[in-house]
Structures are given as structure tokens and as C-alpha cells.
Participant: 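Got a structure for you, written out below as C-alpha cells; questions coming shortly.
Predicted model only: the values in this text are computed from it and were never measured.
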Amino acid sequence: MEEQPELIAACAEKWDLNWLLHRAAQRVGAAYAEEIQNFGVSLRGQLILQALATEEAQRTQLALGAMLGLDKTTLTSELDKLERAELVMRVPDPNDRRVRKPVITDKGRALQKEAGDALAEVERAFHSRFSPQEMGIIRKALQDLSRGEGPVHGSCI
């Protein structure tokens, strides 16, 4: 179904902040999802790879999930997919054999870098719609809103 631009414009002027943020997130998310599919991983998979590629100290699966805002079931499912693709491996903690630590492989690191560069281009396209000053205001406002107060429920992506 094709959107009716006048209807969307009317909604954007009239509707509340929640609707506007949700709609903007849908557009940005769709652009990211379209790009990441070229790499054979999901956005969540890329998020996990990015965290593992930039993490100095290894984290347990539980700690990684908490850091990324992914529940245990979702994280396990994504790690299973990444492990089957040989992008990560889970190694036992030498201090506690019940604990598994996900580690990015060289193949995973290469894919994460390539996919990360492609997603950075997607982000640059969105940034180009705004001046650097406007982008700074948008980023600060979104960071402030995302911190909020109280517990955060649901996945970050």
C-alpha cells in the first residue's frame, strides 16, 4: 500500500512525540535493515558483532545481553545464527564452566567491519538532511530521551 504524503504530513504536524519518534525509527530502521540484509546477518546480529569487535574485555552472554538490551532468548538465538555462520564462537569461562563467553572470529570481525562501513553510509545519508548543528541537537535530544528514568523494557533493536 502506497503512503499518502498529505496524510503523513498532517499526522506529523498534529500527532504526539511518541508517534513522531516511532515513525522516524521505522524509517531509519527500514533503511538499516535493507542494507544489512546484503551481509547475511540481522541488525541484532550486527549489533552483537559490533559489541564483540569493540569490547576490550570479554563478557559473558548474560552481561552482553544486559549491555545490549537483549533478553536471554533473543541473544541465544542470534548467537546460534552467528556461530553457525562462523562469525562468533562461545568459549567456556575457565573459572566457571557453566558460563559461556561469546568471542568474535576473524571472519566475524571482517564482516562486522564491512557491514559497519555500509551502515555508516546509510547513517550519513540521514545526517545529510540536517546541518551539523541540527544533527548535534537531534543526537543530544535522543540521548537525553533514551536515558530517561526508571527501567527500560524491551529490546534496544
Participant: Output yes when a side-chain donor or acceptor of Thr74 lies under 3.5 Å from a complementary backbone atom of Leu70, and no otherwise.
Facilitator: no
Participant: Atom CG in Asp96, atom NZ in Lys101: separation rounded to 0.5 Å?
Facilitator: 10.0 Å
Participant: Can you tell me how far apart CD (Glu78) and CG (Leu49) are? Round to the nearest 0.5 Å.
Facilitator: 9.5 Å
Participant: The criterion is side chain to side chain contact (heavy atoms under 4.5 Å, CB included); which residues satisfy it with Met67, sequence neighbours excluded?
Facilitator: Ala51, Glu55, Arg59, Leu64
Participant: Taking only residues two or more places apart in sequence or in another chain, which ones pass side-chain hydrogen bond (donor to acceptor under 3.5 Å, both in side chains) with Asp144?
Facilitator: Lys140, Arg147
Participant: If I take atom CD1 from residue Ile137 and atom CG from residue Leu142, how far apart are they, to the nearest 0.5 angstrom?
Facilitator: 12.0 Å
Participant: What residues, two or more places apart in sequence or in another chain, satisfy salt bridge (charged side-chain N to carboxylate O under 4.0 Å, His left out) together with Glu114?
Facilitator: none
Participant: Testing the basics here: between Leu79 and Pro102, what is the closest heavy-atom pair and its distance to 0.1 Å?
Facilitator: CD2-CB, 3.9 Å
Participant: A quick test of your reading: do over 12 heavy atoms of other residues, nucleotides or ligands sit less than 6.0 Å from CG of Asp106?
Facilitator: no
Participant: With hydrophobic residues grouped by side-chain heavy-atom distances under 4.5 Å, do Leu145 and Leu20 end up in a single group?
Facilitator: no
Participant: At what distance, to the nearest 0.5 angstrom, does CG of Leu75 lie from CG of Leu62?
Facilitator: 9.0 Å
Participant: Can you name the salt bridge (charged side-chain N to carboxylate O under 4.0 Å, His left out) partners of Arg129, sequence neighbours left out?
Facilitator: none
Participant: Could I get the full list of side chain to side chain contact (heavy atoms under 4.5 Å, CB included) partners for Val122, not counting sequence neighbours?
Facilitator: Ala31, Tyr32, Glu35, Phe126
Participant: State whether the side chain of Lys107 and the backbone N or O of Ala85 hold a donor-acceptor pair below 3.5 Å, judged by distance alone.
Facilitator: yes
Participant: Got a second to check how far Gln46's CD is from Leu82's CG, nearest 0.5 Å?
Facilitator: 9.5 Å
Participant: What pairs with Arg124 under side chain to side chain contact (heavy atoms under 4.5 Å, CB included), at least two apart in sequence or on another chain?
Facilitator: Ala120, Glu121
Participant: If the condition is salt bridge (charged side-chain N to carboxylate O under 4.0 Å, His left out), which residues does Arg84 pass it with, not counting sequence neighbours?
Facilitator: none
Participant: With sequence neighbours left out, write down each residue that passes side-chain hydrogen bond (donor to acceptor under 3.5 Å, both in side chains) with Thr105, or none if nothing qualifies.
Facilitator: none
Participant: Got a sec, which residues hit side chain to side chain contact (heavy atoms under 4.5 Å, CB included) with Ala110, two or more places apart in sequence or on another chain?
Facilitator: none
Participant: Is it the case that over 12 heavy atoms from other parts of the model lie below 6.0 angstrom from the CD1 atom of Ile138?
Facilitator: yes
Participant: State yes or no: do Val28 and Met135 share one hydrophobic cluster built from I, L, V, M, F, W and Y residues joined by side-chain heavy-atom distances below 4.5 Å, directly or via other members?
Facilitator: no
Participant: For Arg90, give me all partners under salt bridge (charged side-chain N to carboxylate O under 4.0 Å, His left out), at least two apart in sequence or on another chain.
Facilitator: Asp80, Glu83
Participant: Give me the one residue out of Ile104, Ile48, Val41 that meets side-chain contact (heavy atoms from CB on, under 4.5 Å) with Leu87.
Facilitator: Val41
Participant: Using only heavy-atom distances, determine whether the side chains of Gln26 and Arg23 contain a donor-acceptor pair under 3.5 Å.
Facilitator: yes
Participant: For Lys113, check side-chain hydrogen bond (donor to acceptor under 3.5 Å, both in side chains) against everything at least two apart and list the hits.
Facilitator: Asp117
Participant: Quick one: CD on Gln50 to CD on Gln112, what's the gap to the nearest 0.5 Å?
Facilitator: 5.5 Å
Participant: Please list, chain by chain and in numerical order, all residues satisfying side-chain hydrogen bond (donor to acceptor under 3.5 Å, both in side chains) with Gln143, sequence neighbours excluded.
Facilitator: none
Participant: So does Thr73 get a backbone contact from the side chain of Ser77, meaning a donor-acceptor N/O pair under 3.5 Å?
Facilitator: no
